[in-house]
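The figures here come from the full heavy-atom set of this structure, side chains too, leaving out hydrogens, waters and symmetry mates. Just so it is clear, the structure is predicted and the values come from calculations on it, not from any experiment. A, B, ... follow the sequence lines: proteins, then strands. Residue 1 opens every chain.
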Amino acid sequence: MSTIVIDNKSYEVKQGKNLLEACLGLGIDLPYFCWHPALGSVGACRQCAVKVYKDEHDTHGKLMMSCMENIKDGLRVSVADKAAQAFRSQVIEWLMTNHPHDCPVCDEGGSCHLQDMTVMTGHDYRRYHFKKRTYNNQYLGPFIHHEMNRCIQCYRCVRYYHDYAGGKDLNVFAAHNHVYFGREQDGVLQSPFSGNLAEICPTGVFTDKTLREHYTRKWDLTTAPSVCQHCSLGCNTIAGERYGQLRCITNRFNSQVNGYFLCDRGRFGYEFVNSENRITQPLIRNQAVEAVDETTLMGHMRKLMTDHTLIGIGSPRASIESNVALMQLVGKENFYQGVSDNVRFIEKRIVEVLQTGVVKTASLQDIQQADAILILGEDIWNTAPVMALAVRQSVLKTAAHHALKHNTGIPTWHDAAVQELVQEEKGFLANCTITASPIDEISSCIAHNAPDDLARLGFAVAHQLNGSLPRVLVDEDTLAEVIDIAVFLQQAKRPVIISGTSCYNEALIRAAYDIAVACKTPDKEVRLAYVMPECNSMGLAMMQAPSFETAVLRATREKNITAIILENDLYRNAPAMVADLFFNSVQHCIVLDSLNNLTTQQADILMPAATFAEGDGTLVNYEGRAQRFFRVFMPGQATIQESWKWLLKLQALRTGVLNEGELHPEDVLKQAEQLLPQFAGISASAPHHDFRINGQALPREPHRYSGRTAMLSNLAVSEPKPKQDNDSPFTFTMEGYSGMPPSPLIPFFWSPGWNSIQAVNKYQQEPGGSLKNEQAGIHLFKYNPHAVPVYFKDIPEAFMIRNDRWLLFPQYHVLGSEELSAYSKGVRELSPETYVAMSASDMARHGLTNEHVVTIKVFEQNWDLPVKADSSLPNGLVLIPAGLHGMAVPNWNAYVIIMKGNR
Amino acid sequence: MLSHLRTMWLVFIHLFRKKETIEYPEEKVALHPRYRGRIVLTKDPDGGERCVGCYLCAVACPVDCIALQATEDENGRRYPDFFRINFSRCIFCGFCEDACPTYAIQLIPDFEMGEYNRQNLVFEKEDLLINSQGKYPGYNFYQVAGLEAGVKKKGEGVNEETPVDVHSLLP
Ligand code: SF4
Ligand code: SF4
Ligand code: SF4
Ligand code: SF4
Ligand code: FES
């Protein structure tokens, strides 16, 4: 702590910060542009000037950029000084000489940092009467709109896109007063983190193009805190609605999970909520009028619920509430995970390993802070994008840390100096996966092998770390890598081991665990992360129910079975043959889902389920963190309800106990705690529905929300009563508590004078630090320092290439592989075409070129796919894209035959 | 007593003053052009819709009686997809006109909006749009705004330089 004097008042502030951070942390409003908590300072925009004095006798002082000023004891500064104020307002005036004054047609307007800073400095009248510079714009793809005239040359975009996220195709061009921020030529931005440009750019140069299609100002959105539904990381988001449609997703800062950034799948994948393909009405198939209302539906259900054996098929993308409600309805012994046997087996192992409590799980923040990372078999770039971004930060930070050790004069926030010092040096990252990914560029050690060989590599590392573990025979090159990895893991203070399910290989899970345990010593923090396939895969796996195949087997053996399928397209989780067999064997099939798909087509009874935006629920992310998402808006049709609500109603029919009072999400979670002790504590993952501050509920709408008395007046001139939400502390109005809510209940970031997303500063304990009173969900895996580790010693055989047989694995894609996001127009546009990837030498050996189409045969299924060479892929393996819409699901990790087709 | 007489005298001489009361509705009132009556949406000098769907009038409205949705044409020109004013709520304060950066929304000296049915006071864009520039002739927002939306090319607007050539490093 140092004592500094600001405007003759002394404050205690942390050392190692810059003056700008310190001022903002103290609640002093100081304008800035080029500084960002995640990017550090470069002192480029000259906006944050303050007066710095030599000592108490110095009355003159000098103007300094506060973002470039290190905190030292006894520092005397003035923010309110006349000259400093005049300087700041002049800087804005200069920036505005070329500004197009486009605000009415600028999507940034109302959440624009430039507007906020202009108002803050007091510049309000344009005195410059000469011409304005103009630029031509570029086409940057379906997600980001470009309007270069509005640029103030703060360089944040390039520093984020290029330096922070490692993108290559956005840069600064030209020189002096007409620098240009864009691509070398028009074209889709290549980075899967491009959406963050809309938030990082303090002006309207880069804006959300999907929002543009149904543009709404920030002040007109009804928003609620939400959790991303598109992978297992559970990034925190804010979802906004207007006129009954979901309009946009923005980042919800959380120091433990996603920090400041989202991936494009999470940001732009929301359009499925507005899809034409939504199920809006209950259907009872095979009768004259299929669409029915709730009463008819329930009447019809009564008999089904009581006279049949019910089995339930859960879902990795449905909330804990819904899965538990289903389990309760059908009974524990009749509940099945709606995932295939091999996935269930791997996930079960992951849950087991984490439940031992021997190793801590790694949050994304832990990964950023790691000083050595081993990725074993998981293609995190495509299956957990923001984790890849966190890994990149670890690599950069570790390198910076090394470099700064010998150069103590340079503060860590001094971005330009640190980069200059670090040059190309990198922290340790070993990327051991089936094939190449963009992470390879920052990896010090790369291995591309068949999953079994990767697992062997893992076990070899474990042996290297702990000689008492079984030795693994590996070739010389691999051994060199193994030693390399082991040395770095041993030296590291905060190593992280990452693995996951995407290789369909359970040995990898064990190997990752063995390594983590083997390098654990009392003086270091080892952490472990397993990436899961979907947003609630961890929650579902923790319920420890049998797989879908077990349910199929039972359906073929027993008669009179009614299956209830919860938000799960079984044709994506099992080969079509298996799913067909299931539907042919069960007598009745009740499906709850939000979108029509192959499974809903098989339903005898279809019930419309609410999406994440229309309902409440809890998801458990890859680290076992239970996080709550809140309803953003009431769906237009009353027949769209959360699955857990439907299931509770069915349960009431079944037990005959009606109206026992409405159950709220936390009540269902409490039942979950009773039913399954592994969920202990989950009901505290968010404040309960009756949470109030000073007796007031929390508004979903900001106080400037407009159009209240006109938006529905075309239907009826008298305004309807605002909709009621009994399941959360939120109202659907702008009335309620207007201060800062606890962190899981932040519906939007706003503070007087801070309308843009930069207002998040005001919600943090210190800029870039954790939120005030941060409660980042509830950890369901408890670390147990006394747990006695048990190693796995069962090592798989090395992968053997077979003649004319290939082992088939999925290749995931950020855009396209996930079910729900693929309904978004832009995501669909950027999804890959189907293909089969083969090693270049395999292709040459079989006389194949990139123009050939081949037929892949697995059991009875055939796929005709164009073949393409993948130079990093080991021989004997083939990859086909996973999860693309309209593509049937093969048996992964199975041998296939490939037949040469036409060119 | 004296004051009573004075008052009666003053009242009496009013009998010979010019009459202020008019025989409305047979006779119409003459109102100043800035009188704040019925709200209209005006058009550009070149006949295009002036409103750019910026939502500023809506947010300025103290009774929140304006609702709209912005959309854009193939040139990127913004316009309201729908634009609704609930006149049964409007208090004719004119804040919307003050807020409007394009002079699109204007209050005109027409106050004859009596209706038996309140629902008829809900005006949609078709009811609001007039074929005139209203009080501010000659103004075209897209000529002074930076972006290109089919009205002018980049660099051809008021006070604009031709677009920067990014390949040039010349001063
Ligand atoms: S960037 Fe900000 S200040 Fe500039 S036109 Fe857009 S909203 Fe206005
Ligand atoms: S485009 Fe935005 S982020 Fe980039 S320099 Fe310009 S204003 Fe800054
Ligand atoms: S990384 Fe996953 S959770 Fe995070 S935004 Fe992307 S898809 Fe969503
Ligand atoms: S303020 Fe003017 S331009 Fe903006 S929405 Fe209202 S009428 Fe249209
Ligand atoms: S924020 Fe300090 S110079 Fe830009």
Under 4.5 Å from any heavy atom of chain B - which part of [X]:
{"X": "A:N177", "answer": "neither"}
{"X": "A:H99", "answer": "neither"}
{"X": "A:F130", "answer": "backbone"}
{"X": "A:H178", "answer": "both"}

Quiz item: What residue, out of A:H129, A:R212, A:R242, A:M711, has the most heavy-atom pairs lying under 4.5 Å from chain B?
Solution: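 Between A:H129, A:R212, A:R242, A:M711, the count favours A:R212.
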Quiz prompt | Max heavy-atom pair count under 4.5 Å with chain B, selected residue of A:N98, A:T134, A:T216 | solution =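 Of the candidates given, the most pairs with chain B belong to A:T134.
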Got a second to check how far [X]'s [atom1] is from [Y]'s [atom2], nearest 0.5 Å?
{"X": "A:S713", "Y": "B:F87", "atom1": "OG", "atom2": "CZ", "result": "11.0 Å"}
{"X": "B:E124", "Y": "A:N714", "atom1": "CD", "atom2": "CG", "result": "5.5 Å"}
{"X": "B:K154", "Y": "A:N149", "atom1": "NZ", "atom2": "CG", "result": "4.0 Å"}
{"X": "B:L147", "Y": "A:E147", "atom1": "CG", "atom2": "CD", "result": "5.0 Å"}

Heavy-atom pairs under 4.5 Å with chain A: which of [options] has the most?
{"options": "B:R89, B:E72, B:K153, B:R77", "answer": "B:R89"}
{"options": "B:G155, B:A70, B:S88", "answer": "B:G155"}
{"options": "B:T102, B:V59, B:V52", "answer": "B:V59"}

Is [X] close to chain A through its backbone or its side chain, or both, or neither, when contacts mean heavy atoms under 4.5 Å?
{"X": "B:L68", "answer": "backbone"}
{"X": "B:C65", "answer": "both"}
{"X": "B:I66", "answer": "backbone"}
{"X": "B:V158", "answer": "neither"}
{"X": "B:R78", "answer": "side chain"}
{"X": "B:F82", "answer": "side chain"}

For a quick test of reading the model, state the closest non-hydrogen atom pair linking [X] to [Y] and the distance between them.
{"X": "B:Y55", "Y": "A:R217", "result": "CD1-CG, 3.7 Å"}
{"X": "B:C54", "Y": "A:P104", "result": "CB-O, 3.1 Å"}
{"X": "B:S168", "Y": "A:A174", "result": "O-CB, 4.2 Å"}

Quiz prompt | Reference residue A:Y180; test side-chain contact (heavy atoms from CB on, under 4.5 Å); the match among B:V164, B:V166, B:D165 | solution = B:V166
Exercise. Look at the side chain of B:Q69 and the backbone N and O of A:Y215, then say whether any donor-acceptor pair between them is shorter than 3.5 Å.
Key: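 Yes, the answer is positive, given that a donor and an acceptor are paired below the 3.5 Å cut-off.
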Quiz item: Counting only N and O atoms by type, is there a donor-acceptor contact under 3.5 Å from the side chain of B:D64 to the main-chain atoms of A:S706?
Solution: no
Quiz prompt | Side-chain ion pair, B:E160 and A:R133, N-O less than 4.0 Å | solution = no
Quiz item: Under 4.5 Å, heavy atom to heavy atom, which residues of residues 7-20 of chain B contact chain A?
Solution: none
Quiz prompt | chain A contact residues among residues 110-120 of chain B, heavy-atom distance under 4.5 Å | solution =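 Residues of residues 110-120 of chain B touching chain A at under 4.5 Å: B:R118, B:Q119.
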Within-4.5 Å side-chain heavy-atom neighbours: [X] and [Y]:
{"X": "B:N86", "Y": "A:V717", "result": "yes"}
{"X": "A:R708", "Y": "B:V63", "result": "no"}
{"X": "B:Y142", "Y": "A:V105", "result": "yes"}

Quiz item: More than 12 non-hydrogen atoms from neighbouring residues, nucleotides or ligands closer than 6.0 Å to CD on A:E184, yes or no?
Solution: no
